[in-house]
Amino acid sequence: MEIKSIKDLDLRAKNVLIRVDFNVPLDDNSGITDDARIRAVLPTIQYAVDSKAKVVLMSHLGRPKGTVDKKKSLLPVARRLSELMGTKVDMAPDCVGDKVNTLVDNLNPGDVLLLENLRFHIGEEKNDPEFAQRLASLGECFVNDAFATAHRAHASNVGVCDHISEKAAGFLLLREVEYINRALKNPQRPFAAVVGGAKVSGKLEIIENLLERIDKIIIGGGMAFTFVKALGQDIGKSLVEDDLVETARFIMAKAKEKGVKLYLPVDCICAPEAKEGTATVVKTIQEIPPELMGLDIGPASAALFSVALDDCSTIVWNGPMGMFELDDFAHGTKSIIEKIAASNALTIVGGGDTDAALHKSNLEDKIDFISTAGGAFLEMLGGRELPGVKVLEE
Ligand code: AMP
């Protein structure tokens with residue numbers, strides 16, 4: 001199955017509808033606090049502009065759930081995009097309707113129009129065919145460059161394709177799919193997955209599927225304690241999902257059966273509560289006191305994980321090793337970032353929190369690929385077909 005690139009379409013003087021992910025974080029005054037998602041799709045937008053297309057951009061922002069919420073307007077994005085591109089980007093008052101149709105009709109080749117938040121309409125997330133058709137009427141070609149929403153079948157990424165035959169992927173989506181596929185389909189071995197974060201739930205299926213493909217799995221973060229508990233050890237007040245202890249046991253058994261080496265923390269940084277400046281102590285995983293909780297992996301675990309990754313040729317990572325938002329519990333996550341950054345392996349990192357930790361480190365350019373997506377990245381790693389990608393396949 002092939003996915004066309006935007007480069008395969010003839011865009012000249014055509015209305016080109018591009019789904020992007022402008023779901024940026026905003027402060028209380030609607031100021032954009034991180035414009036990485038806008039920058040990430042600039043090459044696609046610029047390519048369309050340079051090809052003399054009439055560019056119509058569409059995105060969601062937040063979760064307005066079908067009602068108009070001025071605080072979730074994309075207007076600040078239109079302004080920032082204008083600054084970044086050095087040309088005027090017009091903002092439509094809505095994403096469908098007569099006024100929008102007129103604005104689109106009046107576009108000249110090379111113009112850029114940004115539609116208002118798709119999720120002001122209930123039809124977007126419901127993938128309502130009529131809403132999809134109204135969106136599709138705005139474009140002669142459709143380009144999807146919003147990988148972060150590709151795991152959802154919505155009107156703007158899946159429904160529109162029923163009505164526009166000329167469809168392709170933007171540069172960002174193509175890169176995301178290419179890198180993740182490189183790890184999944186034909187990985188250089190040994191292939192290691194590093195997983196962390198608060199919860200096992202939500203990542204179970206991914207871990208299970210990954211076990212079919214990988215050689216090593218390193219489990220850190222809060223989720224590790226459910227596994228430690230499954231080994232019959234006391235974990236004090238550490239985070240645990242009791243209903244998943246049995247599943248953790250199953251995963252460990254499956255890893256053994258598949259010959260996958262499974263690494264858990266051997267020590268952790270403990271504190272009475274998750275608070276900056278609180279008294280911390282390093283404890284072995286066997287000796288977490290009942291009144292304390294493990295909030296980061298300890299130095300021995302960081303060293304162990306580092307040795308385990310030494311000979312790996314492919315490393316995928318999702319989820320922090322501890323409560324990295326607090327400096328006292330950020331060392332474990334930092335150690336993994338430094339290890340991955342220094343590695344010669346193909347390194348692929350993804351997921352909201354993991355990206356945030358990486359931004360703090362200034363080592364981003366030492367990672368081969370950082371996915372802009374959380375859910376879509378994980379679902380694809382878990383071997384799922386993403387509806388937003390599948391619909392582009394020819
Ligand atoms: P997730 O959304 O499941 O990837 O979890 C990310 C969150 O896990 C981050 O906000 C971390 O602060 C948190 N986290 C990681 N390790 C721990 C831990 N040992 N105890 C509590 N929270 C943790």
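Indexing begins at 1, ligand by ligand and atom by atom, following the structure's order.
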K.L.:
Compare all side-chain heavy atoms of T247 with those of V200 and state whether any distance is below 4.5 angstrom.
P.N.:
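SC-SC contact between T247 and V200 ruled out.
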
K.L.:
Would you call the rings of Y47 and F171 parallel, tilted or perpendicular, taking 30° and 60° as the class edges?
P.N.:
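Aromatic pair Y47/F171 classed perpendicular.
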
K.L.:
Would you mind running through ligand 1 and noting each atom that sits below 4.0 Å from a heavy atom of K199?
P.N.:
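Taking each heavy atom of K199 in turn, ligand 1 has 3 (O) under 4.0 Å.
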
K.L.:
Can you find an N/O atom of G221 closer than 3.5 Å to an N/O atom of ligand 1?
P.N.:
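Checking ligand 1 against G221, no N or O pair falls under 3.5 Å apart.
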
K.L.:
Assess the side chains of E364 and H359: does a donor N or O sit below 3.5 Å from an acceptor N or O?
P.N.:
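Judged by distance alone, the side chains do pair up.
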
K.L.:
Is there a nitrogen or oxygen of E325 sitting under 3.5 Å from a nitrogen or oxygen of ligand 1?
P.N.:
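So ligand 1 has an N or O lying under 3.5 Å from an N or O of E325.
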
K.L.:
Among protein heavy atoms, which lies nearest atom 1 (P) of ligand 1, and at what distance?
P.N.:
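Looking at atom 1 (P) of ligand 1, the protein heavy atom closest to it is A198 N, 3.6 Å.
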
K.L.:
One residue to check: M293. Relative to ligand 1, which of side chain, backbone, both or neither has a non-hydrogen atom less than 4.0 Å away?
P.N.:
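Within the 4.0 Å criterion, M293 makes no contact with ligand 1.
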
K.L.:
How far is atom 4 (O) of ligand 1 from the closest protein heavy atom, and which atom is that?
P.N.:
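Its nearest protein heavy-atom neighbour is K203 NZ, 3.0 Å.
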
K.L.:
Taking distance alone, with N or O pairs closer than 3.5 Å, would you say F324 contacts ligand 1?
P.N.:
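N/O-N/O distance below 3.5 Å does not exist for this pair.
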
K.L.:
Should L264 and I218 be counted in the same cluster of Ile, Leu, Val, Met, Phe, Trp and Tyr side chains packed under 4.5 Å apart?
P.N.:
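Hydrophobic grouping puts L264 apart from I218.
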
K.L.:
I'd like to check which ligand 1 atoms, numbered from 1 as shown, lie under 4.0 Å from a non-hydrogen atom of G222.
P.N.:
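Those atoms are 15 (C), 16 (N), 17 (C), 18 (C), 19 (N).
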
K.L.:
For the residue pair L231 and M252, establish whether any side-chain heavy-atom pair is separated by less than 4.5 Å.
P.N.:
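A side-chain contact under 4.5 Å exists here.
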
K.L.:
Which one holds for L295 and ligand 1: side chain close, backbone close, both close, or neither close, with close meaning a heavy atom under 4.0 Å?
P.N.:
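It is both parts that get close, each with some atom under 4.0 Å.
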
K.L.:
Might you point out which heavy atoms bring E116 and L74 nearest each other, and give the distance in Å?
P.N.:
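Reported closest heavy-atom pair: OE1-N, 2.8 Å.
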
K.L.:
Starting from atom 19 (N) of ligand 1, what is the nearest protein heavy atom, named by residue and atom, and what distance separates them?
P.N.:
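Protein heavy atom at minimum distance: G294 O, 3.1 Å.
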
K.L.:
Scan I269, V282, D328 and name whichever one has a side-chain contact (heavy atoms from CB on, under 4.5 Å) with D296.
P.N.:
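Among I269, V282, D328, the one that satisfies the side-chain contact (heavy atoms from CB on, under 4.5 Å) with D296 is I269.
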
K.L.:
Has ligand 1 got any nitrogen or oxygen that is less than 3.5 angstrom from a nitrogen or oxygen of M321?
P.N.:
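In this structure, M321 places no N or O atom under 3.5 Å from an N or O of ligand 1.
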
K.L.:
Less than 4.5 Å apart, side chain to side chain, heavy atoms only: is that true for D21 and T372?
P.N.:
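The answer is no, as the side chains (C-beta and beyond) never meet within the 4.5 Å cut-off.
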
K.L.:
Is it the side chain (CB and beyond), the backbone, both or neither of M223 that lies under 4.0 Å from ligand 1, heavy atoms counted?
P.N.:
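Looking at M223 and ligand 1, no heavy atom falls under 4.0 Å.
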
